[in-house]
Structure formats: C-alpha cells, structure tokens
Amino acid sequence: MLTTQAGNNSMIYTLPSLVDGLSVSASYSPQGSNDESSSAFAGTYTGVEGLSVSYGVGTNNSTAGTASDADVTTMKASYAYGPITVAYSDHEFDSNTATRDQDVESMSISYTVSDELSITYGTEDFSTGEASTVDAEYSKISVAYT
C-alpha cells in the first residue's frame, strides 16, 4: 500500500490454523473525525505439500472521499515440486485518483541444481493509472551459488 492509516484504535486479529494449512487474518481501523474506516482480511492455504496460496483484500481510507482512498487486492501462489518452484503474484491498488492506481503482476520459475546452485527466471509487469504514462516490464535471470 502506498499509505496506511495508523492509530491507537486499530485492531488486528490472526486466527490460529482453522483446518490443516488454512490461516486467516483481519484488521480494522475505525473512523476518526472526518475519516472513513479502513479494513482488510487475508487467507493463506498451505495444506498441500509444496503449495502456498494467499489472497487478501482491503480498503485504505482517510478523509472521506479524498484521493488517498483506495481498494487493494493481492493474490499469490507458489508450488514447489522436487527441484522446481513456480510462483505467480498479482497486486492491484485502485485509488480514487486514476494516476495513483497500480497493478503489479509477477511470475518466476526456479530450478535448484544442487544444494549450492540454483537458477531463477522471472518477469514483472508494473502499470499505473490510465492518466499516467509510467509502465514498466522487467525480466531477470539469476544464478546463485552458496
């Protein structure tokens, strides 16, 4: 998130694992003077060996109706099978002001050659609001030796 409302009245709650591999968390920041309440919740599932899936949504509000108000959605998944790991993530920040919107999508694949050597290839697309011209695409290959 670009900004977040902080305060003494914020509540954050993380549930213990509900069922095998499922965890849930939530947060709430009540409204202050001339402010709107902000809230978020997220869930993560790791109940299958090698798999991790997460999803979260929230609102980032400040003074009612201002440009700082935004809805945020984030999701990610990764799966490891033997020496190969594949990962995907998507993050959307939708603001009241089109120039503050952000969308980041990433993908990667890793191969562990040995305990000392791994190779990774990844891509990432970053785009901003309709009124902005700042968009970027990245790709990377990395080799790590420990």
Do Tyr81 and Val48 share a hydrophobic cluster, counting only Ile, Leu, Val, Met, Phe, Trp and Tyr and linking them when any side-chain heavy atoms are less than 4.5 Å apart? yes
Quick one: OG1 on Thr44 to OH on Tyr55, what's the gap to the nearest 0.5 Å? 13.0 Å
Hydrophobic cluster membership, Leu22 vs Leu51, 4.5 Å side-chain cutoff: yes
Partner of Glu124 under side-chain hydrogen bond (donor to acceptor under 3.5 Å, both in side chains), chosen from Ser139, Ser108, Ser106: Ser106
In this structure, are over 12 heavy atoms from other groups packed under 6.0 Å from Glu49 atom CD? no
Least distance between heavy atoms, Tyr111 atom then Ile84 atom: CD1-CG1, 3.7 Å
Check whether any side-chain N or O of Asp135 sits under 3.5 Å from a backbone N or O of Thr128 as a donor-acceptor pair, and report yes or no. yes
Any link between Tyr145 and Ile141 through a network of hydrophobic side chains (Ile, Leu, Val, Met, Phe, Trp, Tyr) touching at under 4.5 Å? yes
Under 4.5 Å between side-chain heavy atoms, counting indirect links through other Ile/Leu/Val/Met/Phe/Trp/Tyr residues: same cluster for Met107 and Tyr121 or not? no
In a table with atom names and distances, give each donor-acceptor pair under 3.5 Å that connects a side chain of residues 71-79 to protein atoms at least two apart or in another chain.
unit_1, atom_1, unit_2, atom_2, d
Thr74, OG1, His91, ND1, 2.6

Going by distance alone, is a donor N or O of one side chain under 3.5 Å from an acceptor N or O of the other, for Ser110 and Thr120? yes
Contacts satisfying side-chain hydrogen bond (donor to acceptor under 3.5 Å, both in side chains) that involve residues 19-28 (not counting sequence neighbours) are Tyr28-Ser37
Expected output: side-chain Ser114 to main-chain Glu116 donor-acceptor under 3.5 Å: yes
If you compare all heavy atoms of Thr46 against all heavy atoms of Ser52, which two are closest, and at what distance to 0.1 Å? CG2-OG, 3.9 Å
Do you know the tightest heavy-atom contact between Val143 and Ile119? CG2-CG1, 4.2 Å
Heavy atoms, side chains only, cut-off 4.5 Å: are Glu105 and Tyr88 in contact? yes
Distance from Asp94 atom CG to Asp103 atom CG, nearest 0.5 Å? 8.0 Å
